[in-house]
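Step one of this worksheet: look at the structure below.
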2 protein chains.
Amino acid sequence: MEGTPTSRAERRRRTEERILSAARAIFAERGFQRTTIRAVAAAAEVDPALVMQYFGSKQDLFDQAVRIPSIPPLDGELEPVEELLGRIGMKMGPLPEATLAMMRSMLTHPDAAEEVRGKLDGQVAHLADAIGTGDAELRAALMVSTMLGVTIAHQLLGLTALRGASPERIAEALRPSLRALADG
Amino acid sequence: MEGTPTSRAERRRRTEERILSAARAIFAERGFQRTTIRAVAAAAEVDPALVMQYFGSKQDLFDQAVRIPSIPPLDGELEPVEELLGRIGMKMGPLPEATLAMMRSMLTHPDAAEEVRGKLDGQVAHLADAIGTGDAELRAALMVSTMLGVTIAHQLLGLTALRGASPERIAEALRPSLRALADG
DNA sequence: CAATTCACTCAACGGCTGTTGACTCAACGA
DNA sequence: TCGTTGAGTCAACAGCCGTTGAGTGAATTG
């Protein structure tokens with residue numbers, strides 16, 4: 001009926017995306033070590049060997065599945081602290097699976113640890129520039145660490161007191177705390 | 001020369017402690033999954049089978065090595081927020097290896113996750129009582145999450161900006177932020 | 001001293017894992 | 001139409017892991 005609904009290139013594209021999607025989900029749920037090529041393949045309804053053939057190794061699969069689009073934080077235009085405080089809510093909402101996978105693995109997978117550390121160091125430097133005064137770097141690091149801790153407690157650990165709270169309420173309650181760090 | 005420097009009971013006690021110590025160190029450094037009975041045995045200079053014989057299973061070894069003395073938080077006497085803020089410094093200093101092992105594993109080992117979640121929930125409830133007003137539980141949870149985040153960033157991830165900072169400086173910089181959460 | 005207990009070792013099993021190479025067969029190009 | 005490409009499968013290998021059971025020899029007990 002249709003003229004080739006499944007070209008070879010199309011099929012390949014879709015299968016690759018199915019594998020990447022399954023990988024993201026399972027990496028986010030179980031972390032790097034406990035994620036199995038076989039489990040990813042099963043979730044993608046594909047033979048395990050195909051995953052290897054397409055992505056080379058488990059580590060390569062992790063790299064490609066979990067690579068974050070990495071929206072550069074508006075380089076050049078120095079985002080003021082105020083606007084960052086306004087964005088808190090977004091960071092509390094449902095995060096991309098790639099980010100969750102990274103965070104899930106960062107304490108037990110050295111590569112993930114280095115990747116996250118690098119990204120956080122970048123955020124710290126960016127924030128410290130916007131703050132400027134005295135021990136800006138330390139306070140910026142504490143702001144980033146705070147966001148990290150709340151995200152972990154909320155999304156990864158599921159602290160009881162946070163499980164029912166909406167991103168907006170969390171962001172609102174958190175704002176004075178972060179402002180106290182941003183100022184002196 | 002000496003009269004029985006090594007009684008049977010003594011030898012056993014020391015060997016057990018050697019195994020537990022090695023287990024704590026490796027669990028803290030690599031987390032549950034990546035820790036090998038063989039690696040623990042090697043570090044304790046003992047046959048892997050002996051670890052099994054003494055502790056039953058890897059999970060049991062983890063439980064016993066990582067069990068925290070669990071100083072009850074002075075039940076009965078409601079510790080005021082002020083005193084807790086004073087204790088921040090201690091929590092930033094070198095933590096017991098058992099605690100580090102627990103934290104290292106909490107994102108990838110369900111049992112560790114539940115244990116940590118339970119402990120943190122307890123701290124939240126305790127703190128919320130001391131706060132009292134309005135949405136005390138949410139703000140208490142954010143205080144605990146902040147401490148968690150800073151500890152992770154400092155001890156487990158090694159954020160560059162935090163690596164050179166003394167516990168006292170971190171505690172001092174953090175205090176206004178936590179006070180903002182404790183008040184309205 | 002003889003019998004027993006027990007700390008400790010040795011060698012192996014069975015399962016799971018990442019990874020590989022040979023194979024099948026439908027889509028493709030000439 | 002026919003040879004080639006390439007998506008996808010199948011079966012297996014090799015290594016590591018938790019765990020086990022039989023064994024050894026020194027400390028203990030009577």
Side-chain angles (χ1 to χ4, degrees), chain A residues 1-23 26-27 29-66 101 105 108-112, chain B residues 1-23 26-27 29-66 101 105 108-112:
Chain A
M1 322 297 181
E2 295 89 337
T4 337
T6 53
S7 85
R8 203 133 75 172
E10 257 303 290
R11 277 190 67 82
R12 160 121 197 190
R13 229 187 44 80
R14 293 192 192 184
T15 303
E16 266 188 3
E17 190 45 57
R18 217 170 349 121
I19 294 174
L20 284 176
S21 173
I26 303 185
F27 277 133
E29 184 175 321
R30 318 202 189 202
F32 182 81
Q33 333 274 347
R34 300 211 317 149
T35 292
T36 294
I37 295 283
R38 284 169 165 84
V40 172
E45 290 173 315
V46 154
D47 190 276
L50 193 64
V51 178
M52 286 294 112
Q53 190 176 324
Y54 282 177
F55 298 97
S57 74
K58 184 183 175 183
Q59 179 63 48
D60 289 345
L61 174 64
F62 183 77
D63 290 341
Q64 298 200 38
V66 137
S105 305
T108 42
H109 187 40
D111 290 12
Chain B
M1 323 290 186
E2 295 89 337
T4 339
T6 52
S7 86
R8 202 132 77 169
E10 257 303 290
R11 277 189 66 83
R12 161 122 197 191
R13 229 186 45 81
R14 294 191 193 185
T15 305
E16 266 187 3
E17 191 45 56
R18 216 168 351 117
I19 294 174
L20 284 175
S21 174
I26 303 184
F27 276 133
E29 185 176 321
R30 317 203 190 200
F32 182 82
Q33 333 273 347
R34 299 211 316 151
T35 292
T36 295
I37 294 285
R38 284 168 164 86
V40 171
E45 291 173 315
V46 154
D47 191 275
L50 194 65
V51 179
M52 287 291 113
Q53 188 175 327
Y54 282 178
F55 298 97
S57 73
K58 183 183 177 183
Q59 179 63 49
D60 288 346
L61 173 64
F62 182 77
D63 291 341
Q64 298 199 38
V66 138
S105 305
T108 42
H109 188 39
D111 289 14

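Naming convention: chains lettered A, B, ... in sequence-line order (proteins, then strands); numbering from 1 in each chain.
- Taking atom CD on B/Glu16 and atom P on C/dC6, their separation rounds to 14 Å, with Å as the unit.
- Partners of B/Gln33 according to the side chain to side chain donor-acceptor pair (under 3.5 Å) rule, which considers only residues two or more places apart in sequence or in another chain, do not exist here.
- Taking the centre and axis of the six-membered ring of B/Tyr54, the NZ or CZ atom of B/Arg12 falls inside the cone set by 45° and 6.0 Å.
- Here A/Asp63 pairs with A/Gln59, A/Asp60 under the side chain to side chain contact (heavy atoms under 4.5 Å, CB included) rule; sequence neighbours left out.
- Each end of the helix from C/dC1-D/dG30 to C/dA30-D/dT1 gets its own rotation axis from five pairs of C1' atoms, and the angle between them is 0° to the nearest 10 degrees.
- For C/dC6, the OP1/OP2 oxygens have no side-chain nitrogen or oxygen of B/Arg11 closer than 4.0 Å.
- Closest to the side chain of A/Thr15, out of C/dA27, C/dC8, D/dG8, is D/dG8.
- For B/Arg11, there are no side chain to side chain donor-acceptor pair (under 3.5 Å) partners, not counting sequence neighbours.
- Remark: B/Arg8 pairs with no residue by the side chain to side chain contact (heavy atoms under 4.5 Å, CB included) rule, at least two apart or across chains.
- For B/Glu17, the salt bridge (Lys or Arg N to Asp or Glu O under 4.0 Å) test picks out B/Arg24, with sequence neighbours left out.
- Every residue two or more places apart in sequence or in another chain that forms a side chain to side chain contact (heavy atoms under 4.5 Å, CB included) with A/Ala43 is listed here: A/Ala22, A/Ile26.
- Backbone-only engagement by B/Arg12 is indicated by non-hydrogen atom pairs under 4.0 Å involving sugar-phosphate atoms exclusively.
- In terms of the salt bridge (Lys or Arg N to Asp or Glu O under 4.0 Å) criterion, A/Arg38 has no residue partners (sequence neighbours excluded).
- Applying a 4.0 Å cut-off to non-hydrogen atoms, the residues of residues 49-63 of chain A that approach DNA chain C are A/Ala49, A/Met52, A/Ser57, A/Lys58, listed by residue number.
- Across residues 35-47 of chain B, B/Arg38, B/Val46, B/Asp47 each have a non-hydrogen atom less than 4.0 Å from an atom of DNA chain C (numbered order).
- Residues forming a side chain to side chain contact (heavy atoms under 4.5 Å, CB included) with A/Ala23 (at least two apart in sequence, or on another chain): A/Phe27, A/Val40, A/Leu61, A/Ala65.
- How far CZ of B/Arg18 is from OG1 of B/Thr15: 4.5 Å, rounded to the nearest 0.5 Å.
- Per the geometry, CZ belonging to A/Arg34 stands 18 Å off C1' belonging to C/dG18, to the nearest Å.
- For B/Arg13, the salt bridge (Lys or Arg N to Asp or Glu O under 4.0 Å) partners at least two apart in sequence or on another chain are B/Glu10.
- For B/Pro48 and A/Pro48, each mapped to the nucleotide of DNA chain C holding its nearest heavy atom, the one lying further toward the 5' end belongs to B/Pro48.
- Not one side-chain nitrogen or oxygen of A/Arg8 sits closer than 4.0 Å to the OP1 or OP2 atom of C/dA26.
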